[in-house]
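The structure appears right after this line, and notes come after that.
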Amino acid sequence: MKNVIDHFAIGAMNLEQGIAVLQKQLGVVVPRGGKHEAMSTHNCVTKAGEGHFLEVIAVDPDAPDPGRSRWFTLDDPATGARLSERPRPLCWVVGTDELDSVVANSPVDLGEIVHFSRGDRTWRLTVPTDGS
């Protein structure tokens with residue numbers, strides 16, 4: 001089984017704020033990524049090494065309510081309060097070649113496996129009911 005860090009998610013109140021902070025702190029401009037319709041979020045993504053990425057993610061103000069808690073605790077009031085001060089790391093995401101096995105054998109509830117797509121890209125990710 002191959003489990004590797006795929007990317008780190010940096011939350012922001014809005015993408016412009018996240019882009020500006022990363023440019024100031026790291027000297028990089030993070031290019032626009034896209035929208036996640038199932039979560040009503042959008043992001044910017046940049047490489048942070050071979051096979052690793054840094055993602056800036058925020059609630060998409062133009063998207064409808066997703067009907068579920070957004071990932072990375074973006075709907076949690078405590079997360080909102082922290083992000084209102086400045087963009088912050090929210091979590092890291094691990095890639096695996098055996099997601100079903102990892103979920104079935106995990107000692108903690110990893111949530112449901114959700115299917116995502118954008119253009120011709122597809123991926124699966126676990127999202128707990130509370131968005132954590």
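What you see below is based on every heavy atom in this structure, not just the backbone, and it leaves out hydrogens, waters and symmetry mates. As the structure is a computational prediction, the values presented were derived from the model and not from experiment.
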Distance, nearest 0.5 Å, that separates [atom1] of [X] from [atom2] of [Y]:
X: Ile113; Y: Thr126; atom1: CD1; atom2: OG1; value: 7.5 Å
X: Cys91; Y: Ile57; atom1: SG; atom2: CD1; value: 8.5 Å
X: Leu74; Y: Met13; atom1: CG; atom2: CE; value: 9.5 Å

Salt bridge (Lys or Arg N to Asp or Glu O under 4.0 Å) contacts touching residues 53-63 (sequence neighbours left out):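 Qualifying pairs: Lys35-Asp60.
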Once salt bridge (Lys or Arg N to Asp or Glu O under 4.0 Å) is applied, what residue pairs with a partner in residues 115-132 remain, sequence neighbours excluded?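 Of all non-adjacent pairs touching residues 115-132, those that pass salt bridge (Lys or Arg N to Asp or Glu O under 4.0 Å) are Asp100-Arg124.
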Ring pair (Phe, Tyr, Trp, His ring centres under 6.0 Å) contacts touching [range] (sequence neighbours left out):
range: residues 26-49; value: His36-Trp71
range: residues 73-109; value: none
range: residues 43-63; value: none

Using the side chain to side chain donor-acceptor pair (under 3.5 Å) criterion, which residues pair with [X]? Sequence neighbours excluded.
X: Asp65; value: none
X: Glu112; value: Arg68
X: Thr79; value: Thr73
X: Glu85; value: Arg88

Is the closest basic N to carboxylate O distance between Arg70 and Asp75 below 4.0 Å?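 Between Asp75 and Arg70 there is a salt bridge, with a charged N closer than 4.0 Å to a carboxylate O.
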Single-linkage hydrophobic cluster, 4.5 Å side-chain cutoff, [X] and [Y] together:
X: Ile10; Y: Val28; result: yes
X: Val93; Y: Trp123; result: yes
X: Leu15; Y: Phe72; result: no

Report the C-alpha separation of Glu37 and Phe116 in whole Å, then their side-chain angles, then the decisive distance to 0.1 Å, and conclude whether the side-chain contact (heavy atoms from CB on, under 4.5 Å) test is met. CA-CA 9 Å; Glu37 291 181 19; Phe116 294 94; over 6 Å; no
So, Asn3 side chain and Thr96 main chain: donor-acceptor pair closer than 3.5 Å or not?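 Checked: no pair found.
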Does Thr41 reach the main-chain N or O of Ala58 with its side chain, forming a donor-acceptor pair under 3.5 Å?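 Checked: no pair found.
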Determine whether Leu110 and Val127 satisfy the following criterion, side-chain contact (heavy atoms from CB on, under 4.5 Å), listing intermediate values before the conclusion. CA-CA 7 Å; Leu110 298 175; Val127 181; over 6 Å; no
If you look at every heavy atom in Thr122 and Ser117, which pair is closest and at what distance?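 The answer is CG2-CB, 3.9 Å.
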List, by chain and number, the other hydrophobic cluster members for Val4, where Ile, Leu, Val, Met, Phe, Trp and Tyr join if side-chain heavy atoms come within less than 4.5 Å, directly or indirectly.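 Traced through the cluster, Val4 reaches no other member.
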Through direct or indirect side-chain contacts below 4.5 angstrom among Ile, Leu, Val, Met, Phe, Trp and Tyr, which residues connect to Val21?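 Taking Ile, Leu, Val, Met, Phe, Trp and Tyr as members, Val21 stands alone, with no cluster partners.
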Return each pair, listed once, that meets side-chain hydrogen bond (donor to acceptor under 3.5 Å, both in side chains) where at least one residue sits in residues 13-27; pairs must be two or more places apart or across chains.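 Residue pairs passing side-chain hydrogen bond (donor to acceptor under 3.5 Å, both in side chains), neighbours aside: Glu16-Arg32.
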